[in-house]
S.K.: 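Supplied in structure tokens, the structure appears directly below.
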Amino acid sequence: MAQAIAIVNANEFYVSCERVFDPGLLGRPVVVLSNNDGCIISRSREARALNLTMGAPLFKVQDIVEANDVAVFSSNYQLYGDLSLRLVEAFYEFTPDVEVYSIDEAFLGLETHPDQSFRDYGLEIKAKVYQWTGVPCSLGISQTKTLSKVAQRFTKKHAAAQGVLDLTDQADQTSVLEETPVEDVWGVGPAYGKLLAGAGITTARQLRDADRRWVRRRMIVVGARIVEELRGISCLPLERCPQARKSVTCSRSFGVLVEFIEELREAVAVYTTKAAERRRRARLAAGVVRIFVSTNRFSADPQYSNSVTFELAYATDSTEELLAWTRKALERIYRPGYRYKKAGVMLNHLTPADELTTRLFGDERFERSRRLMKAVDEINRKFGRDTVRFDAVRPGGRWETKCLRRSRRYTTCLNEVLRIA
DNA sequence: TCTGGGGTCCTAGGACCC
DNA sequence: TCTGGGGTCCTAGGACCC
């Protein structure tokens, strides 16, 4: 029995999700935009060929988009999240050793029988995922996560090996690492890429064979681990149980610039509610609340950004209580005379909500508040988001994030399901 | 006119304590 | 004038990921 780690990565995931429900998009250039319809965050192969780069602001590439009839979508996270769950279900058909790494990829612990190659096994996984979801993916297989990533990116980039590359053999590793630019290694970003280039290290193979102490000194333990992993020594084990979140943020850019505190208040209240709902779903209470506001950093307007953090005497998961805190926080940092572009709410020091200590004062009121939240959550679950809400929470303001080209929520919203005429 | 959002980990350095 | 050593805790900031 042979063992290895595989990374399965959905190709152009958001674009692929859009294509699942609209096959007319196949073969066409397609892009998906970030929140507020700002930047390109997913591109089809055809869009890439038009030089539409990752992260490009839409307004800067509008000419290319129009000249080539590029299909443009706002991001539809309900749809992508739902398809992501279906991908994971497919993975579990093959192994219980699944680490969901992000919305579009997972590490799998693989075991094969002597008469089965990793590559054949990988092809089976790829086929099953496609059959179940309609989403194409690529796989890399090797001894460590970092090597598997190298393999997966290599097969994707060179459209080689039908999207499944087994890189468990050492001689193969050396030749692929040699052809891999060092910035393509998982964990090497722009800053480290530059540092390494300065030292004459431009390929993944050179990094693998670099002096350990030098790397440890200049790229801290993170870099040292990368080198070990490239040498086939696993430092990043598969994590089957996801670690509990340490923080949760809800922040958005505004659709229009906001000057007055009344509108900021509405936005902050909406973000607070979202963050609190997410925490209650995960049964976690927050001990620290932080809010921030900022102007548009790209504009020539006077700039201001600030944040404030409150440590709560008692952790809470009640929207009611959190709203009071974030409202107070906003008063503290709001300065008139600026045009605000963005605000956000962050919850920290998350602790299990069932283990909250009894409060010395006001515990009864807190319990009442929690019962209220429970009822609110149930109603909203049954009848849809914001069926009941606090008065401070007013969605639909001018400030709301733009989302003009969202496809239908085919899988999560009953009145948006696909119709067949 | 229009430029995303949500995370993690690691370290240096300051504050503070004995 | 001379001015220790070691520990902990916290935060800000850098780097990376998707």
Side-chain angles (χ1 to χ4, degrees), chain A residues 7-14 31-42 52-63 65 72-77 80-81 84 99-107 145-146 149 152-153 182-196 216-226 235-236 239 242-257 271 274-275 278-279 282 288 290 292 294-301 307-309 311 339 341-350 400-406:
Chain A
I7 176 87
V8 193
N9 192 296
N11 299 342
E12 300 98 37
F13 184 54
Y14 299 166
V31 297
V32 175
L33 303 177
S34 62
N35 271 324
N36 219 21
D37 292 347
C39 305
I40 294 176
I41 54 168
S42 182
L52 293 171
T53 50
M54 200 67 172
L58 179 65
F59 75 91
K60 284 193 179 172
V61 294
Q62 197 67 52
D63 292 353
V65 166
V72 179
F73 292 91
S74 302
S75 35
N76 185 345
Y77 287 106
Y80 311 150
S84 178
E99 176 187 339
V100 176
Y101 179 67
S102 74
I103 194 166
D104 68 346
E105 61 190 324
F107 290 102
K145 286 181 171 177
T146 306
K149 273 275 192 184
Q152 182 268 319
R153 287 181 180 174
V182 77
E183 320 85 73
D184 284 5
V185 174
W186 192 41
V188 177
Y192 285 152
K194 208 169 153 195
L195 172 76
L196 290 168
R216 171 65 184 82
R217 203 167 59 240
R218 305 300 300 274
M219 295 169 67
I220 58 178
V221 297
V222 178
R225 277 201 290 252
I226 295 171
C235 303
L236 305 166
E239 294 185 33
Q243 304 262 339
R245 279 242 184 295
K246 295 186 172 153
S247 72
V248 59
T249 308
C250 182
S251 75
R252 295 280 182 280
S253 294
F254 303 134
V256 297
L257 294 171
Y271 304 161
K274 280 197 172 128
R278 271 192 254 162
R279 283 316 79 199
V288 169
R290 176 189 182 86
F292 55 90
S294 66
T295 48
N296 183 0
R297 66 196 160 102
F298 296 103
S299 100
D301 284 352
S307 69
V308 59
T309 306
E311 278 181 51
R339 284 144 47 92
K341 177 66 178 169
K342 185 173 178 176
V345 173
M346 200 183 285
L347 304 180
N348 274 303
H349 284 210
L350 304 175
E400 268 203 350
T401 296
K402 273 185 293 189
C403 188
L404 300 174
R405 314 162 192 249
R406 199 186 57 213

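Convention: sequence-line order gives letters A, B, ...; per-chain numbering from 1.
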S.K.: With rounding to the closest Å, how many angstrom separate the C1' atoms on B:dC16 and C:dG4?
M.R.: 16 Å
S.K.: Once you apply a heavy-atom cut-off of 4.0 Å, does A:D104 come out as touching a base, just sugar-phosphate, or nothing?
M.R.: sugar-phosphate
S.K.: Heavy atoms only, 4.0 Å cut-off, all strands: where does A:S34 land among base, sugar-phosphate and nothing?
M.R.: base
S.K.: Listed by chain and number, what are the ring-ring contact (aromatic ring centres under 6.0 Å, His included) partners of A:F13, not counting sequence neighbours?
M.R.: none
S.K.: Please tell me which of A:C250 and A:G55 maps to the more 5' nucleotide of DNA chain B, matching each residue to the nucleotide holding its nearest heavy atom.
M.R.: A:G55
S.K.: Counting Watson-Crick and G-U wobble pairs with both distances under 3.5 Å, what is the dot-bracket string for DNA chain B, 5' to 3', using [ ] for crossing pairs and | for pairs to another strand?
M.R.: ....||||||||||||||
S.K.: When all nucleic acid strands are considered with a 4.0 Å heavy-atom cut-off, which category describes A:K194: base, sugar-phosphate, or nothing?
M.R.: nothing
S.K.: Atom CZ of A:R279 and atom NZ of A:K274: how far apart are they, to the nearest 0.5 Å?
M.R.: 14.5 Å
S.K.: Main chain of A:Q152, side chain of A:N9: is a donor-acceptor contact present, judged purely on distance under 3.5 Å?
M.R.: no
S.K.: Could you tell me whether A:R153 and A:D184 have a side-chain N and a carboxylate O separated by less than 4.0 Å?
M.R.: no
S.K.: Which part of the nucleic acid, if any, lies within reach of A:R218 when heavy atoms closer than 4.0 Å are counted: base, sugar-phosphate only, or nothing?
M.R.: nothing
S.K.: For A:R216, report the nucleic acid contact type (base, sugar-phosphate, nothing); a contact means any heavy atom under 4.0 Å.
M.R.: sugar-phosphate
S.K.: Calculate, to the nearest 0.5 Å, the distance between atoms OG and NZ belonging to A:S253 and A:K402 respectively.
M.R.: 10.0 Å
S.K.: When all nucleic acid strands are considered with a 4.0 Å heavy-atom cut-off, which category describes A:S247: base, sugar-phosphate, or nothing?
M.R.: sugar-phosphate
S.K.: Say whether, by atom type as modelled, one donor and one acceptor occur between the side chain of A:S84 and the main chain of A:I103 under 3.5 angstrom.
M.R.: yes
S.K.: Mind telling me whether A:Y77 and A:Y14 have parallel, tilted or perpendicular rings, with 30° and 60° as the class edges?
M.R.: perpendicular
S.K.: Nearest-nucleotide wise, let me know which of A:G255 and A:R252 is further upstream toward the 5' end of DNA chain B.
M.R.: A:G255
S.K.: Going by atom types alone, do A:S74 and A:R406 pair a side-chain donor with an acceptor below 3.5 Å?
M.R.: no
S.K.: Of all nucleotides in DNA chain C that come within under 4.0 Å of a heavy atom of chain A, which is furthest toward the 5' end and which toward the 3' end?
M.R.: C:dA15 to C:dC18
S.K.: Salt bridge or not between A:K145 and A:E239? Use side-chain N to carboxylate O under 4.0 Å.
M.R.: no
S.K.: Using a 4.0 Å heavy-atom cut-off across all strands, classify A:Q243 as base, sugar-phosphate, or nothing.
M.R.: nothing
